[in-house]
Amino acid sequence: MLIVFIGPPGAGKGTQCRRLVDSLRIPHLSTGEMLRAVMEQDTALSRYVASYINAGKLAPDHLVMRIVSQQLKSPQCERGALFDGFPRTMVQAQMLDDFLAELGRPLDAVLELRVNDEALIERLLKRAKTDGRADDNDATIRERLRVFHEQTKPLVQYYASQGKLRSVDGMQAEDAVFSDIRGALKLP
Ligand code: AMP
């Protein structure tokens, strides 16, 4: 099963994805986590990636696609994968479609988690106090939200027109969101 999870920063994608992979038994491919792992090394590439992430900007499409395609071809993704935070631009969505067409494995569903901007800012500022992520500060949070609306939101229409979109209200309590996600995917 191949599933894409779309939602603004702070919507709770990470938490819901962890619960979903536990029940679906497919790997969780978070491009944010993969890029943070690259940043932990001390190389020219890690400094290049950090220059985007720490400014709240998106990493270049080809770099992200290269990382994702390597993972997707690995044996751990034989049964599928849950993409968290990918694709994030129309270019990435088209590259993913082309890559999956080559593999003969179409996407099964795209989940959209909806949360309003005020709630997101509040959640992210709270997370900043506990997680210590360099990109969870007021200026970067606002930039990430702006980038989401400008570059990622158009994917909702793109996947709706493919008949793959399932939208879930992310303003509810965690368990209620998870139950709606299971319903949207028609899981028992
Ligand atoms: P996340 O953990 O999903 O909130 O991602 C953290 C940061 O990693 C984002 O603000 C971007 O700078 C970068 N990032 C994550 N996924 C992508 C992607 N698919 N394309 C470009 N940049 C990404």
Side-chain angles (χ1 to χ4, degrees), residues 2-21 27-41 43 45-73 77 81-100 107 110-117 119-156 158-159 164 168 170 177 181:
L2 288 171
I3 303 172
V4 159
F5 211 127
I6 297 180
K13 288 190 306 294
T15 309
Q16 296 296 338
C17 280
R18 280 185 283 277
R19 294 182 69 165
L20 202 50
V21 290
H28 175 197
L29 298 189
S30 158
T31 43
E33 277 173 21
M34 293 176 202
L35 291 165
R36 281 189 288 281
V38 170
M39 270 166 60
E40 273 168 22
Q41 301 145 17
T43 60
L45 179 64
S46 64
R47 287 185 285 278
Y48 178 66
V49 168
S51 70
Y52 288 92
I53 295 194
N54 292 341
K57 309 274 185 212
L58 294 181
D61 292 325
H62 284 90
L63 170 69
V64 176
M65 189 63 214
R66 198 169 71 213
I67 298 176
V68 170
S69 58
Q70 276 165 0
Q71 293 279 333
L72 254 187
K73 282 193 272 187
C77 291
L82 176 64
F83 299 107
D84 168 8
F86 173 86
R88 247 171 158 112
T89 64
M90 284 299 293
V91 172
Q92 291 179 16
Q94 276 149 2
M95 288 197 290
L96 179 64
D97 277 354
D98 292 347
F99 184 69
L100 292 178
L107 276 179
V110 176
L111 284 166
E112 179 205 10
L113 202 51
R114 293 194 167 170
V115 178
N116 70 44
D117 281 6
L120 293 170
I121 293 173
E122 198 178 304
R123 287 184 194 182
L124 287 165
L125 287 173
K126 206 161 139 199
R127 184 170 84 184
K129 292 194 184 121
T130 54
D131 288 15
R133 261 177 62 167
D135 59 347
D136 278 346
N137 59 67
D138 194 59
T140 312
I141 287 168
R142 285 176 199 282
E143 177 60 8
R144 282 156 62 209
L145 276 177
R146 190 193 66 73
V147 168
F148 172 79
H149 286 292
E150 186 185 278
Q151 304 208 48
T152 310
K153 203 68 211 276
L155 301 190
V156 167
Y158 177 76
Y159 287 122
K164 293 192 171 160
V168 169
V177 173
I181 288 174

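Numbering starts at 1 and runs along the sequence shown. Given the structure is predicted, the values throughout are model-derived calculations rather than measurements. For ligands, and for the atoms within them, numbers begin at 1 and follow the listed sequence.
Shortest non-hydrogen contact noted between Cys17 and His28 is CB-NE2, 3.4 Å. Between Lys13 and Ile6, the shortest heavy-atom distance links the atoms CD-C, 4.0 Å. Residues Ala81 and Leu72 approach most closely at CB-CD2, 4.5 Å, considering heavy atoms.
Ligand-side atoms of ligand 1 in range of Leu58: 21 (C), 22 (N), range being under 4.0 angstrom from any heavy atom. Each of the atoms 18 (C), 19 (N), 20 (N), 21 (C) of ligand 1 lies under 4.0 Å from some heavy atom of Gln92.
Within the 4.0 Å heavy-atom criterion, both parts of Ile53, backbone and side chain, lie near ligand 1. If you look at Ala59 next to ligand 1, the close heavy atoms, those under 4.0 Å, come from the backbone and the side chain alike.
Taking distance alone, with nitrogen or oxygen atoms compared against 3.5 Å, Gly56 stays at or beyond that limit from ligand 1.
Residue, atom and distance of the protein heavy atom nearest to atom 23 (C) of ligand 1 are Leu35 CD1, 3.6 Å.
Taking only non-hydrogen atoms, the option from Lys57, Met34, Met65, Arg88 nearest to atom 5 (O) of ligand 1 is Arg88.
In the displayed structure, Arg47 atom CZ is contacted under 6.0 Å by more than 12 heavy atoms of other residues, nucleotides or ligands. Crowding of His149 atom NE2: a count of heavy atoms from other residues, nucleotides or ligands under 6.0 Å exceeding 12. Enclosure of atom CD in Gln94 by more than 12 non-hydrogen atoms of other residues, nucleotides or ligands within 6.0 angstrom is indicated.
For Glu33, the closest heavy-atom approach to ligand 1 does not fall below 4.0 Å.
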